[in-house]
Amino acid sequence: MLPLGYREIAFETIGSTSDEARRLAGLGADHGTVVWALEQIAGHGRRGRVWASPPGNLYCSVILRPDCALAAASELSMVAAVALGDTLAELLPHSDKVRLKWPNDVLVDGAKIAGMLLECDTGADGRVDAVVLGIGMNLVSAPQIARYPTISLADLDIFIEPEAMLHRVIGHLDRWFTQWQQHGFEPVRAAWLDVAFQLGHQIELARGEEILSGRFADIGQGGALLLENEGELVSVFGGEWTTNRSAPASGL
Ligand code: BTN
């Protein structure tokens, strides 16, 4: 079952649950509207990349209406990440295998098992009208992607139907969303950092043509990754990891 205040709209096949959720949000659909599908034929991820969406995995998009400024809405990707992390940790015999990779990925054993796409519509006053949080999670199959390793729950001998997983995910999402609304970003940030991938490591991020490198020191306001170089901190908002194989920084 979904928590109180949420309702699901299910499709067998759809282009993209996020496109549909954005359409519904534009028509005034409530906070807590969840669109999900057994399969997507035009699923997309960040940077417009294709998100392969064969039957058996989880594809859902949630409409959130947080009533906040755009800068704060980006914190919702961390809210969603900790919710996904908790969902997976309670299913896995070794919950310490779950790691959150900035900004929006969830890893198990270093391989991507879930990704999130946060899309935001603002009103004329600059405040957030609706956020559509799209979630894809590999339940039965993991699309092969050249840039990074992938894994599914079935690879770990865990079998769960998409709708059952949806209910678990939304339960944790609602809990963390409420926490964020009532207590702000700090508890979310702390929970995220607790299971962060490569925190304290020397990393490299590509931002457009630019390569940023430094020690992954912390997470700042709005979910920015703080890169440290010789004592100086730089806040990074958009960027892509260039490698998964960075070495720990000395002293850690
Ligand atoms: C990423 O890692 O790039 C984010 C992937 C997000 C995929 C999900 S699947 C459900 C929803 N519908 C989409 O078209 N995309 C998101």
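Counting starts at 1 for both ligands and their atoms, in listed order.
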Side-chain donor-acceptor pair present, [X], [Y], cut-off under 3.5 Å:
X      : Y      : result
Thr122 : Asp129 : no
Trp180 : Glu75  : yes
Thr13  : Glu39  : yes
Asp155 : Ser152 : yes
Gln40  : Thr17  : yes

Against ligand 1, does Asn104 come closer than 4.0 Å with any heavy atom?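 No, Asn104 has no heavy atoms under 4.0 Å from ligand 1.
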| query | Does ligand 1 have any atom that is closer than 4.0 Å to a heavy atom of Met116? | reply |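 Yes, Met116 has a heavy atom closer than 4.0 Å to ligand 1.
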Quick one: does ligand 1 sit under 4.0 Å from the side chain of [X], the backbone, both or neither, non-hydrogen atoms only?
X      : answer
Ser53  : neither
Ser61  : side chain
Arg47  : neither
Ile135 : backbone

protein heavy-atom neighbour closest to atom 5 (C) of ligand 1 works out as Trp51 CE3, 3.4 Å
- To which protein heavy atom is atom 12 (N) of ligand 1 closest, and what is the distance rounded to 0.1 Å?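 So the nearest neighbour among protein heavy atoms is Gln40 OE1, 2.9 Å.
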Verify, without hydrogens or angle tests, whether [X] (side chain) and [Y] (backbone) share a donor-acceptor contact under 3.5 angstrom.
X      : Y      : value
Asn57  : Val140 : yes
Asn138 : Ile151 : yes
Glu228 : Gly231 : yes
Asn104 : Ser77  : no

Selected option - heavy-atom contact closest to [atom], from [options]:
atom                    : options                      : answer
atom 1 (C) of ligand 1  : Glu20, Glu119, Arg46         : Arg46
atom 6 (C) of ligand 1  : Gly48, Ala37, Pro103, Gly115 : Gly115
atom 11 (C) of ligand 1 : Leu133, Val50, Thr17, Ile145 : Thr17
atom 13 (C) of ligand 1 : His44, Met137, Lys112        : His44

Within 4.0 Å of some non-hydrogen atom of Ser16, the atoms of ligand 1 are 12 (N), 13 (C), 14 (O)
Under 4.0 Å from one or more heavy atoms of Gly45, ligand 1 contributes atoms 1 (C), 3 (O), 4 (C), 5 (C)
